[in-house]
Structure formats: structure tokens, C-alpha cells
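Heavy atoms only: backbone and side chains are in, while hydrogens, waters and symmetry mates are out. In what follows, every chain begins at residue 1, and chains take the letters A, B, ... in the order their sequences are listed.
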Amino acid sequence: MPVITLTDGKTLNFSKTVTGLEIVEKISKSLAKQALIMSVNGELKDLFYSIDKNCSVKIFTSKDPEGLEVIRHDAAHIMAMAVQELYPGTQVTIGPVIENGFYYDFARKEPFTSDDLKKIEKKMSEIIDKDVKTRREVWERKKAISHFKNIGEKYKAEIIESIPENEELSIYHHGETWHDLCRGPHLVSSGKIGKAFKLTKVSGAYWRGDSKNEMLQRIYGTSWANQKDLDEYLHRIEEAEKRDHRKLGKEMDLFHFREESPGSVFWHEKGWALFQKLINYMRMKQDIAGYKEINTPEVLDRGLWEKSGHWEKFGANMYTSVTPDEKIFAIKPMNCPGCVELYNQGLKSYKDLPLKMSEFGKVHRYEPSGALHGLLRVRAFTQDDAHIFCTENQITKECLTVTNLILEIYKDLGFENVILKYSDRPELRVGDDNVWDKAEAALLEAVKATKLEYTINKGEGAFYGPKIEFVLRDAIGRDWQCGTLQVDFNLPGRLGASYVDKDGIKKVPVMLHRALFGSLERFIGILIENYAGKLPFWISPLQTVVIPISEDFEDYAKEVCQKLKSSRISSIVDLKNHNLNYKIREHSLAKVPLLLICGKKEVDSNSVTIRRLDSKKQENMKLDQFLKTYSALNKVYSN
RNA sequence: GCCCUUGUAGCUCAGCUGGUAGAGCAAUUGAUUUGUAAUCAAUAGGUCCGCGGUUCGAAUCCGUGCGAGGGCACCA
């Protein structure tokens with residue numbers, strides 16, 4: 001005689017065991033239609049699950065995340081079913097729900113083509129139309145293993161073998177012909193999935209995510225509660241594609257890549273101007289914050305890298321070079337060893353600490369070819385690096401100062417939504433535990449002081465110390481890991497760094513590694529995507545284009561352009577034989593923030609008419625006023 | 001690195017089942033002198049990614065190398 005308590009507090013009495021289906025029928029016809037899944041005392045269950053005890057039940061529809069998740073999970077199953085009907089001999093492996101959709105990994109010799117995806121979609125549609133019923137069975141372990149082995153599903157059998165003995169093995173049947181091992185829960189029938197789904201791409205994926213294993217074929221799909229949500233999702237993807245920095249970089253004439261040096265950027269005039277603006281801005285900020293900028297060689301003897309540990313730990317990613325006299329040098333993949341060497345020049349006193357040495361160092365790393373991605377993952381990049389040599393007692397304060405500097409700089413660049421990731425001691429590490437205690441406490445205190453949201457990644461710190469990573473959330477909600485702050489008790493000792501303490505004894509300093517953007521190249525990619533190319537005025541590589549209305553006003557336009565440059569506002573004058581409309585279109589597409597139109601009116605009043613990017617409004621301003629306003633704006637961000 | 005897709009003019013792309021390349025934009029030249037998102041016309045522009053092979057004949061088919069794209073793995 002179960003009594004069912006619903007979320008609104010109402011209770012329903014049943015005289016015998018009851019399923020979710022019967023409960024929703026009793027509540028209302030419309031809910032019965034929409035119900036996808038339920039939770040029984042907080043645990044998600046199939047709607048056909050039989051309840052025999054008093055409990056509280058919550059019903060989920062496609063409006064709930066739980067409902068949507070089941071839709072996607074079922075879509076994955078039905079896809080696997082469709083694939084096996086269409087391509088007999090294909091083995092199934094795993095098919096989880098992911099953000100916005102699902103995938104399923106298959107083992108099959110022949111590759112799936114995009115035509116296959118269409119066929120699979122069609123078959124899925126048919127299965128959904130048939131509304132095949134779902135049935136759950138619990139199988140005995142041995143039976144399950146031998147069954148899946150017998151039908152040639154060796155991956156499934158392997159999965160079952162890896163499931164702990166005490167766990168229940170549930171088999172879900174979809175219709176009479178297809179079944180899969182699955183934890184569930186599932187929809188009562190395939191019709192509930194609806195038609196708002198789409199198979200998006202096919203790719204390779206390693207069995208159990210390990211590159212030593214064989215490669216499977218993964219088919220990705222997306223599915224939603226209704227067509228409108230699916231359309232909106234596809235639209236979001238399109239919008240994100242429009243922001244692609246590789247596309248915008250071309251359109252804005254910022255940079256390009258070429259075959260001769262994969263993963264290395266050819267910076268065009270405008271891209272390099274943007275690059276330099278960022279550096280100049282940071283130079284100013286770091287100078288104010290007490291950093292000393294230095295620069296170290298890009299090619300250093302192999303011996304140094306052996307001493308620092310990089311040769312062993314990082315060697316596979318390092319470029320090396322052999323000189324004509326057969327000495328081996330490495331092109332630096334990191335700046336730290338060089339910086340420590342520079343620190344080692346000249347005796348250091350405790351009075352010199354904390355010593356903050358910054359370096360815009362260009363590093364080279366031989367990244368796997370498949371990892372390269374525009375500016376976001378390159379083989380040669382410039383780090384906005386700094387190393388702070390300090391005593392153990394100074395760690396907390398320095399970490400706080402660094403964190404505040406980073407946040408201030410992010411804010412100036414338009415990123416106010418920052419999350420921190422804090423990683424503590426890994427299993428494999430160097431240094432005493434009491435030193436780790438101190439380092440972790442110091443860093444965590446700095447994290448807490450920011451009052452920002454943070455996650456703790458247990459055991460993911462570097463082998464030499466704990467670290468924080470700074471994650472930016474961009475304008476369309478994507479997260480980008482940029483800055484990092486690491487505490488290092490290892491490298492200074494390895495490379496023989498020391499300072500003379502008050503007591504006259506030489507001691508080893510602690511080193512903080514920090515980067516604000518991480519990689520200037522990558523950060524520029526992120527900036528472009530965040531702003532969809534429409535960078536704020538101060539950081540725009542080309543801030544103004546002066547456009548004369550006709551030949552008669554060319555002299556005035558040239559004069560305006562020259563005055564702008566003298567006031568340190570970047571500018572070109574467009575004297576091409578095109579009409580005004582054409583030029584406005586061209587420079588708007590190139591994302592120039594301000595177009596300055598010059599005609600008779602402007603010459604007569606010694607002014608310019610401003611057309612702002614994305615605004616049709618015309619705004620006239622005296623030239624002097626313009627120069628004053630905008631050069632002042634530039635000055636805020638540079639020396 | 002692995003799987004799949006892919007590489008044609010500066011850019012975006014056509015080129016069906018093999019018969020030595022085509023458009024739009026950009027460029028150049030000329031006309032036009034333009035008041036807020038593409039003025040008109042003419043001209044020029046190509047080792048069809050490289051190297052091998054099949055074929056009477058290859059941009060097209062096959063092999064291989066390189067690059068790019070999407071994933072996977074990697075991101076110390």
C-alpha cells in the first residue's frame with residue numbers, strides 16, 4: 001500500500017505496487033504525455049520502475065535538465081541501435097551524454113562517412129517513429145559476460161568484467177532486437193526522444209581514452225527537447241564560428257600561418273601592432289608593480305637543461321640544434337632556467353628580495369601536430385613571464401600581489417569573470433611536507449582573498465609546488481585558461497641560486513613562476529574571439545581611418561591623419577578611388593573602430609565626422625577636441 | 001602522434017563518371033569625384049600542395065610526403 005508524496009506535498013495512495021507511468025496518469029493527462037523520468041527518494045528511475053514502499057517521487061519532463069539528459073542518453077542508444085542495424089558487425093562500446101548532446105564509440109573497420117551519418121539519422125527517425133518499448137533486466141554477471149562474448153561484443157564484455165562484482169548489471173532492451181548494458185535510467189519508449197536531434201560529426205577516439213589502445217570511431221550527436229532549442233543551439237555554433245580568430249585574423253589582416261613553419265605565426269603589420277600594444281601596456285603595469293624586465297638567450301647549452309631537469313622531463317617537446325662543431329644546444333621551451341642563471345650573476349642579499357624579474361620571452365615547444373590550433377596552440381610563442389625570488393615568509397604576500405595584478409589587467413582587457421583553479425601537492429613531488437604545508441597555505445590564502453569562485457584540483461600541482469590557474473570566461477560563456485602562478489622550491493636549488501641572509505649565511509630562495517596571459521599569441525586569439533574582432537579603441541591595431549569625400553579634400557585628410565599620428569593615435573588615410581560607401585564597408589569589415597570622414601563641412605569647421613564601428617550615427621567633433629580626447633584615452637594604457 | 005576529412009588565382013569557392021582550368025571579390029589601368037556598408041569598364045593573374053605511379057592522356061584515379069580542418073591523445 002505505497003503512499004506517494006509528490007513535490008508539492010500532495011500524497012497519492014495506491015493499493016498495490018505502482019509504476020511511475022501509473023502515477024503520472026493519475027496526476028494528469030498532460031503530465032503523462034510529458035513525463036520522461038522520475039526520481040524516487042532522490043534517485044533517478046525509469047518510469048516503469050515499480051514502487052512498493054512509501055516514498056517521495058518527482059517527475060521530470062524535457063524542461064528539466066534531468067529530462068534532457070535522458071533524451072540524450074536514449075538518443076545515444078537509438079543511434080547505436082541504428083548503426084548496428086545498418087552496419088552489422090559493428091561493435092558497440094560506450095555512449096555517454098555530454099554537454100549539448102551525446103556520442104557513441106564504435107569499433108568497425110570501415111570508416112563512417114558523412115553520408116553514413118545521414119543514413120543513421122534516417123534510421124534513428126524510423127526507430128523513433130516505431131516508438132519501440134524499453135525494458136530493463138538484471139543479469140547475472142557470468143551470463144552477461146558470456147552473452148556479450150558470444151555475440152561478438154568483446155568491448156562490452158570487457159566493460160562488464162571491469163565493473164565491481166557487487167554492482168547490479170542492468171540490461172536495457174529497446175524493442176525486441178536490440179539491447180545494451182547500461183546503468184540507465186531510460187525513457188519508456190523511443191518515441192519520447194522526439195526529432196530535435198542531429199548527428200554532428202564523426203571522429204577517432206581511443207578505447208578507454210588511452211593512446212596505447214586501438215582507435216574507435218566516435219559519432220557525435222546533439223539532441224534537444226524541441227526543434228526550437230535545436231535551432232538555437234545550431235545558431236549558437238554558427239555565431240561562435242563567426243568569431244573564430246583564424247577567420248577574423250585573415251579578415252582583419254593580422255597574421256597568417258604557412259607550411260614552412262607549422263604552428264608559428266607570421267605577424268602582419270596590424271597584428272604586430274596589437275601584439276606590441278599588449279606588451280607596452282603590460283610593461284607599464286609591471287613597472288609600476290616593481291618588476292625589472294630582463295631578457296635571456298633563446299639558445300642554451302644542453303648541460304643547463306640537464307641540470308634543470310627539463311632535458312629528462314620535457315625533452316620530447318624540445319627543439320635542439322647541433323652546431324658545426326657538434327655541440328648540442330636547446331632552444332628554450334621555458335624561460336625559468338635562463339632567468340635563474342641571470343639571477344645567479346652577482347651576489348644577492350636578503351635585501352634584494354623579493355626580486356621580481358619579468359621577461360617577454362619567446363619559447364619554442366615541439367607540440368604534437370594534431371594539437372596545433374591557430375593562435376591558441378602554437379609551437380613558438382611569447383610568454384609574459386616573470387619569476388619572483390623571495391623567502392618562504394614572503395610567499396603569501398607576493399602571491400596576493402600577483403593575483404591582484406592579474407585581475408586588474410584582465411579587467412582592463414574586458415574580462416571581469418574570472419575563476420581560479422587551485423592545485424595542491426601531487427603524489428610525485430620534491431620537498432618536505434612542512435614546506436608544502438606552508439606553500440599550500442600561503443597560496444590558498446591568496447586564492448581566498450580574491451573572493452573569486454575557485455575549484456580545488458587535488459593532487460594536480462606541479463612536482464615542485466602548488467599552483468593557481470586563472471580561467472577567463474568570455475563574452476559567449478567559454479572558459480579559457482590563461483594565467484598561472486606556481487610556487488617552486490625546486491629549481492632555485494637545482495641551479496644553485498642563493499642569497500645572503502641577515503645572519504650572513506647563504507640560503508636558497510623560493511621562486512614564484514607567474515604568467516598573466518600565458519602566451520601573448522594565445523591571448524590575442526582569445527581577445528579576438530571575445531570581442532568578435534571588435535577590439536576596444538585603445539587596443540585596436542589601427543584606430544582610425546581618415547576618408548576624404550572626394551579628391552578635393554585629400555590634403556585636409558592627409559593633414560588630419562598626420563596630426564593623429566603626432567598625437568599617437570594610429571591612423572591611415574584612404575585615398576583610393578572608391579566612393580564613401582565602399583570605404584565605409586571595407587574598413588568596417590576590417591573592424592576599424594573609428595572612421596573619420598572629411599568633406600567640405602569638416603574643412604570649413606576644422607573638424608571630423610566620426611563614424612563608429614556598428615553605429616550609423618554621425619557625430620561631428622572639432623579636430624583639436626578629437627585629438628585631445630583620444631590621445632588621452634590611449635595614454636591611460638601605455639607609457 | 002592517432003582516426004576521419006581536406007589542399008584549384010591574393011581571398012571565397014565551381015570544375016559531373018579522367019580529355020592540359022573557371023566565377024565573384026581583391027589587384028592593375030581607364031572612366032567616374034562620390035556625404036555614411038560593394039560605381040562602371042578593360043587588363044593581368046594558376047608547377048590545380050610536393051614527389052612517385054596507373055593511363056595515349058591526371059586538378060580528377062592510386063601510393064607517399066607535407067600542410068590545414070574536426071575530434072582523440074597531449075598541454076610538463
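- Nucleotides of RNA chain B nearest to A:R377 and A:S550 differ in position, and the one nearer the 5' end is that of A:S550.
- Rounded to an integer number of Å, the gap from CG of A:D604 to P of B:G35 is 16 Å.
- Taking atom C1' in both B:U55 and B:U43, the straight-line distance is 38 Å, to the nearest Å.
- Of the candidates A:Y104, A:F112, A:Y103, A:Y220 forms a ring-ring contact (aromatic ring centres under 6.0 Å, His included) with just one, namely A:Y103.
- Qualifying ring pair (Phe, Tyr, Trp, His ring centres under 6.0 Å) partners for A:F517, counting only residues two or more places apart in sequence or in other chains: A:F523.
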*What string of B, S and - do you get for nucleotides 63-71 of chain B, 5' to 3', when a contact is any protein heavy atom under 4.0 Å?*
---SSSSBB
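- Here A:E602 lies in heavy-atom contact (under 4.0 Å) with a base.
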*Please assess A:F537 against A:Y630 for the test ring-ring contact (aromatic ring centres under 6.0 Å, His included), listing each intermediate value before the final yes or no.*
CA-CA 9 Å; A:F537 176 80; A:Y630 286 94; 4.9 Å; yes
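- A parallel orientation is assigned to the rings of A:Y343 and A:F389, their planes being inclined by less than 30° (bins at 30° and 60°).
- Residue A:T609 is classed as a base contact, given a heavy-atom separation below 4.0 Å to a base.
- For A:K600, taking side-chain heavy atoms from C-beta onward, the closest of the listed nucleotides B:G35, B:U39, B:A37 is B:G35.
- The side chain of A:K616 contributes an N or O atom lying less than 4.0 Å from OP1 or OP2 of B:A37.
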Write down the protein N/O and nucleotide N/O pairs, taken from nucleotides 8-16 of chain B, whose separation is under 3.5 Å; answer none if there are no such pairs.
| unit_1 | atom_1 | unit_2 | atom_2 | d |
| --- | --- | --- | --- | --- |
| B:U12 | OP1 | A:K250 | NZ | 2.9 |

